[in-house]
Amino acid sequence: MARSRALLDLSTRLMNVCLAALCRGGSLDRAEAVLVDAIRLGLPPDVVTYNTLLAAHCRAAGLDAGLAVVHRMREAGVSPDAVTYNSLIAGAARRGLTMCALDLFDEMLRSGVAPDSWSYNALMHCLFRSGHPEDAYRVFADMVEKGVAPSATTYNTMLDGLFRAGHATNAYRMFRYLQRVGLPIGIVTYNTMINGLCRSGKVGYARMVLKELGRTEHAPNAITYTTIMKCCFRYARFDQGLETFLSLLEGGYISDAFPYTTVISALVKKGRMQEANAYCELMIQSGSTLDNACYNTLIHLRCQEGKLDDAFELLKIMEEGGLESDEYTFSILVNGLCKMGQIKAAEKQIWSMEMMGMESNVVAYNCLIDALCKSHEVDAAIKVLHSMKLKDDFTYTSLVHGLCKVGRYHMASKFLRICLREGNNVLASAKRAVISGLRSAGFKNDLRKVRSALYMARLLRS
DNA sequence: GTAGGGTTAG
């Protein structure tokens, strides 16, 4: 009896290994079929079986698919454990469903399943990414208080979160602290640091950390180089960025679409469409799964080439492939339509976006405002601006420039002051346009008000 | 199961 029990356990373990391999390879259907066969043969699935399937479903189809697996496991008399909840929380985090993640964590506590460091990590990650650093810090404190030891992932998540919250200096200090006390530092830590330092404008520090990485036993990977590439493009080191890409390509180190999308969009921005097209071909041929970012990059290229029909054809292919257009897709299309002078169509695109219940898309609106200003329809642009829930530096820069171009300096100065009062800013060229316009028109009072508003804004920022 | 990619102003 004991012997057959042990044999059954072994078989379940083998089945789990098999399921995990199928899930990893993306053959979810075959994994499900294996489970059906196993049950028919009298082989009982355990919590690991269901957790494996759950993680795969969650990743492929989202949180609801994961919850459906929980339902199935309960029906089979298997109780969810910490890994089950961790996968669900991670699934919620991936799709930015912060409230769901918090609810799942609560449910975990209520059902008496003790959270481990993974649970806390996933929750912290989710809170940082959704812009709630204070809550993330609280989760960390809670974790320490409960006696759950922070792992390497916890520290990496914290470093990334500090950068995202705008605390680059604190992140840097924490990194040095981890090194000093001998806490685990690996390639993920280095990549997080290099990316965070680059994005917060501390390129010198980024270079220093990169050099340090070269002296460790940790090998830089494709993620390290993609980060460096992006940093080069950002700081006008185009050739160096392209070289980085080429060395990745020639070395055969590219295993997904990330480096392609990075280099293609940089090329499109430079107007080097032939090379962009060549790398699109390579990306498609490479056999990497094309996700939203890839399609958006391809659509953007077509739009910038003025091939709107091709762009919409790509959109159709993307949607038929089961991908949903997102905020990037819409901004890219609205921008493309605007640049081709099809402002009415762009407005319609924004309408359909609103109908779909998409979050207010600042970028798409900004493109429309810019296009209206460029065709001297500033009053229409102002009307659009008033309908926007969220405005940013781009919104006001376009409008202020547009108003100056048609000589409406009083109105331009009014919007410049509103903008500064809201804590936004405009490009220096827009400020100069307002000031020189007011001066030439002799609007002394407006000039005084704008100067004082600019001075106040500078004080508040420093 | 923590790190990298995609959109807008001059």
Side-chain angles (χ1 to χ4, degrees), chain A residues 55 59 83 86-87 89-91 93-94 117-118 120-122 124-126 128-129 150-161 163 184 186-196 198-199 220-231 233 245 248 254 256-266 268-269 283 288 290-301 303-304 326-336 338-339 361-371 373-374 392-402 404-405 425-433:
Chain A
R59 191 172 276 282
V83 177
N86 292 349
S87 297
I89 294 171
R94 252 197 309 277
S117 75
W118 286 116
Y120 286 102
N121 293 344
M124 274 172 62
H125 182 227
C126 188
F128 274 129
R129 292 268 167 151
S151 64
T153 305
T154 316
Y155 296 118
N156 292 335
T157 305
M158 186 59 99
L159 288 173
D160 187 56
F163 278 118
I187 187 63
V188 177
T189 319
Y190 278 101
N191 288 343
T192 305
M193 288 306 297
I194 294 166
N195 183 45
C198 271
R199 285 171 51 144
N221 57 19
I223 296 180
T224 321
Y225 290 113
T226 308
T227 307
I228 293 167
M229 237 169 85
K230 179 81 190 76
C231 190
F233 292 139
F245 174 76
L248 272 179
I254 299 182
D256 58 26
F258 279 67
Y260 288 110
T261 51
T262 312
V263 79
I264 293 165
S265 42
V268 171
K269 202 165 278 167
M283 176 172 82
S288 316
L290 300 185
D291 60 9
N292 271 20
C294 298
Y295 275 102
N296 289 339
T297 306
L298 294 172
I299 292 172
H300 184 223
L301 170 60
C303 282
Q304 296 304 104
D326 58 17
E327 49 179 319
Y328 284 88
T329 325
F330 273 108
S331 321
I332 288 164
L333 291 170
V334 167
N335 185 43
C338 284
K339 290 287 142 70
N361 189 332
V362 204
V363 180
Y365 276 99
N366 286 345
C367 294
L368 180 59
I369 287 189
D370 191 57
C373 286
K374 289 215 165 89
D392 64 11
D393 298 5
F394 287 80
T395 326
Y396 286 108
T397 299
S398 292
L399 184 65
V400 168
H401 258 129
C404 287
K405 218 156 54 193
N425 204 350
V426 295
L427 286 178
S429 59
K431 293 176 195 165
R432 282 196 300 270

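The chains referred to below are lettered A, B, ... by the order of the sequence lines, with proteins before strands, and numbering in each begins at 1.
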Just to verify, what does A:F128 make a ring-ring contact (aromatic ring centres under 6.0 Å, His included) with, not counting sequence neighbours?
A:Y137

If the condition is ring-ring contact (aromatic ring centres under 6.0 Å, His included), which residues does A:F233 pass it with, not counting sequence neighbours?
A:F238

Touch check for [X], heavy atoms < 4.0 angstrom, all strands: base, sugar-phosphate only, or nothing?
| X | result |
| --- | --- |
| A:C294 | base |
| A:N86 | sugar-phosphate |
| A:K339 | sugar-phosphate |

Report yes or no: is there a donor-acceptor pair, N or O only, under 3.5 Å between the side chain of A:T397 and the base of B:dA9?
yes

Less than 3.5 Å apart, any donor N or O on the side chain of A:N221 or A:T224 sitting next to an acceptor on the other?
yes

Is it true that the side chains of A:T189 and A:T192 contain a donor and an acceptor less than 3.5 Å apart?
no

Closest nucleotide among B:dA9, B:dG1, B:dG5 to the A:T261 side chain
B:dG5

Among B:dA9, B:dT2, B:dA3, the one nearest any side-chain atom of A:F394 is B:dA9

Nearest whole angstrom, please: distance from the [atom2] of [N] to the [atom1] of [X].
| X | N | atom1 | atom2 | answer |
| --- | --- | --- | --- | --- |
| A:I223 | B:dA3 | CD1 | P | 9 Å |
| A:K269 | B:dG10 | NZ | C1' | 14 Å |
| A:K431 | B:dA9 | NZ | P | 18 Å |
| A:N121 | B:dA3 | CG | C1' | 14 Å |
| A:D392 | B:dT8 | CG | P | 13 Å |
| A:R199 | B:dA3 | CZ | P | 11 Å |
| A:L248 | B:dG5 | CG | P | 14 Å |
| A:D291 | B:dG5 | CG | P | 12 Å |

Is a side-chain N or O of A:D393 found less than 3.5 angstrom from the main chain of A:N425, in a donor-acceptor match?
yes

